[in-house]
Amino acid sequence: MNWMRANPQMLLIVVMMSGSFIILAHFSLFRNKVIQRFMHASRGNIQKQVVIEESPYIKRNKIMNRESLARILRLNFEQKNETKPTSRKCHVAYAKLKGYISLHLMTEETNQTTSSGLTWPPTLKYLDFIYKDLEHGGVYKGPKECKCATNFAIIVPFRDREQHLRFFLFYIHPLLQRQRTCYTIIVVEQDDDKTFNKGKMMNSGFLYANSIGDFDCYIFHDVDMIAENDRNIYQCKEKKVAHLVWQMDKYDYEIPYYDYIGGVLAFTKEQFITVNGFSTMYEGWGGEDDDMMKRIWAKGYELWRPRKKNIARFKMIHHNHDKRNPRIDDYLMQDLLFSAISRQDSDGLNSLHTVRTDVIKYPSHTRVKVRS
Ligand code: UD2
Ligand code: MN
């Protein structure tokens with residue numbers, strides 16, 4: 001101890017060195033958290049954020065600086081298409097969900113330019129740019145660190161709703177990615193001048209999805225329905241047909257009647273084939289959803305909705321009736337609904353005569369054009 005008294009400067013140096021060692025060890029212990037936060041703040045992209053969290057490079061590099069971070073980023077992006085190293089199943093990470101989502105929807109069918117110079121809703125070109133890390137066709141293969149339990153086909157009937165589609169794509173991708181699901185967005189566009197036939201578009205979308213991949217859950221989704229809460233997990237139920245809507249702004253955050261199944265409806269492959277898909281005979285607005293409800297009951301299925309009503313909450317973008325989708329004549333609709341169950345096994349998937357005229361794979365979605 002005599003050397004300490006003789007060399008007070010030496011003592012000071014020893015104390016300072018051990019102090020910096022403790023700080024360094026502390027940083028090293030929590031480095032993953034620091035990096036995660038950094039990534040979250042700087043990129044705001046769920047897919048990339050998840051990749052970073054699981055990066056093996058972070059474990060190897062003890063000390064991080066800006067350069068090594070950038071290197072890790074590049075390395076991970078290059079690995080995008082590698083096969084997944086794990087067989088662990090993806091589960092919903094509730095802590096990573098946002099809950100209520102504040103939506104910015106316009107009611108008028110006009111483009112607006114925001115103060116930052118962006119067109120609102122974002123243009124398709126811009127959407128394709130922000131979703132460029134998806135596989136083309138709006139395909140998301142799930143978080144890197146796990147295997148998806150379910151592969152979803154999101155089927156969207158469509159014609160003349162470009163603005164709605166832009167809102168839809170802007171909001172649906174981050175939501176499904178936060179829910180850690182694998183999915184493909186399939187927009188089925190009626191490619192003729194005839195009256196809109198939503199049932200045919202739905203069936204056609206289902207058959208197309210079956211031709212390109214192995215899906216476990218088919219979610220039939222109106223293009224103008226935007227979820228207000230990401231805790232409403234998109235899902236199918238094996239024994240029941242899942243209707244993901246309890247509350248809609250259009251109906252003062254109620255649904256109009258219990259058997260109402262408009263908006264967002266989820267079937268397993270077996271369920272959709274068993275009910276023989278949608279009726280193809282509803283040309284124009286209305287009825288095809290009530291017809292489907294009859295098909296569901298007739299085949300012995302029940303309806304399922306989320307337990308908590310306030311998470312199954314949607315906004316429908318305000319719109320007028322489309323010119324080429326006039327309301328079906330009341331008498332005709334009554335007749336069709338009356339004969340729904342007797343027609344079920346001969347009108348639907350197995351009687352579909354549509355022609356697929358084109359398939360375009362945008363980064364943000366697959367557009368399937370169909371002549372009715
Ligand atoms: C209700 C139901 C809808 C359907 C419809 C009756 C809700 C939330 N939805 O919607 O599921 O049963 O009544 O047919 O209650 N579409 C186009 N272009 C068109 C026409 C329709 O893209 O020209 C698509 C689009 O995805 C739209 C969907 O079909 O969201 C339903 O049509 P709608 O929005 O005109 O009917 P709406 O809001 O009364
Ligand atoms: Mn609508």
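As the structure lists them, so they are numbered: ligands from 1, and atoms in each ligand from 1.
Polar contact with ligand 1: absent for M316 (N/O pair, distance under 3.5 Å). Residue-to-ligand polar distances place G286 within reach of ligand 1: an N/O pair is separated by less than 3.5 Å. Residue P157 has at least one N or O atom closer than 3.5 Å to an N or O atom of ligand 1. At least one N or O atom of G263, backbone or side chain, sits closer than 3.5 Å to an N or O atom of ligand 1. Polar contact with ligand 1: present for H319 (N/O pair, distance under 3.5 Å).
In terms of protein heavy-atom proximity, atom 9 (N) of ligand 1 is closest to D222 OD2, 3.0 Å. Counting only heavy atoms of the protein, atom 13 (O) of ligand 1 lies nearest to W285 NE1, 3.4 Å. F196 CE2, 3.4 Å is the protein heavy atom nearest to atom 16 (N) of ligand 1. Protein heavy atom in closest approach to atom 8 (C) of ligand 1: Y260 OH, 3.2 Å. Closest protein heavy atom to atom 11 (O) of ligand 1: K198 NZ, 2.8 Å. At the top of the distance list for atom 22 (O) of ligand 1, counting protein heavy atoms only, stands R159 N, 2.9 Å.
Contact check for K369 versus I360: side-chain heavy atoms found under the 4.5 Å cut-off.
Y183 and Q177 share a side-chain donor-acceptor pair at under 3.5 Å. Using modelled atom types and a 3.5 Å distance limit, the side chains of H221 and Y234 yield a donor-acceptor pair.
Figure legend: R305 and W246 shown as a cation-pi pair, the cationic atom lying under 6.0 angstrom from the six-membered ring centre and within 45 degrees of its axis. With Y301 as the aromatic partner, K299 does not meet the cation-pi criteria of under 6.0 angstrom to the ring centre and within 45 degrees of the ring axis. Geometric assessment of R313 against the ring of Y253 yields a positive cation-pi assignment under the 6.0 Å and 45° thresholds.
Under the 30°/60° scheme for interplanar angles, the aromatic rings of F129 and Y126 are found to be tilted.
Only side-chain heavy atoms of K250 come within less than 4.0 Å of ligand 1; its backbone N, CA, C and O stay farther off. By the criterion of a heavy-atom distance under 4.0 Å, the side chain of M248, and not its backbone, is placed next to ligand 1.
Here the closest non-hydrogen pair linking D230 and G99 is OD1-N, 2.7 Å.
Nearest to atom 30 (O) of ligand 1 by heavy atom, out of L265, D224, D322, is D224. Comparing heavy-atom distances from atom 14 (O) of ligand 1 across M292, E288, R161 singles out E288 as nearest.
Cysteine sulfur proximity is satisfied for C148 and C182, their SG distance being under 2.5 angstrom.
For ligand 1, the atoms closer than 4.0 angstrom to any heavy atom of G262 are 11 (O).
Under a hydrophobic clustering in which Ile, Leu, Val, Met, Phe, Trp and Tyr are joined whenever their side-chain heavy atoms come within less than 4.5 Å, directly or via other members, V370 and F278 fall into the same cluster.
Around the Mn ion (ligand 2), the two atoms OD2 of D224 and NE2 of H319 are separated by an angle of 90°, to 10 degrees.
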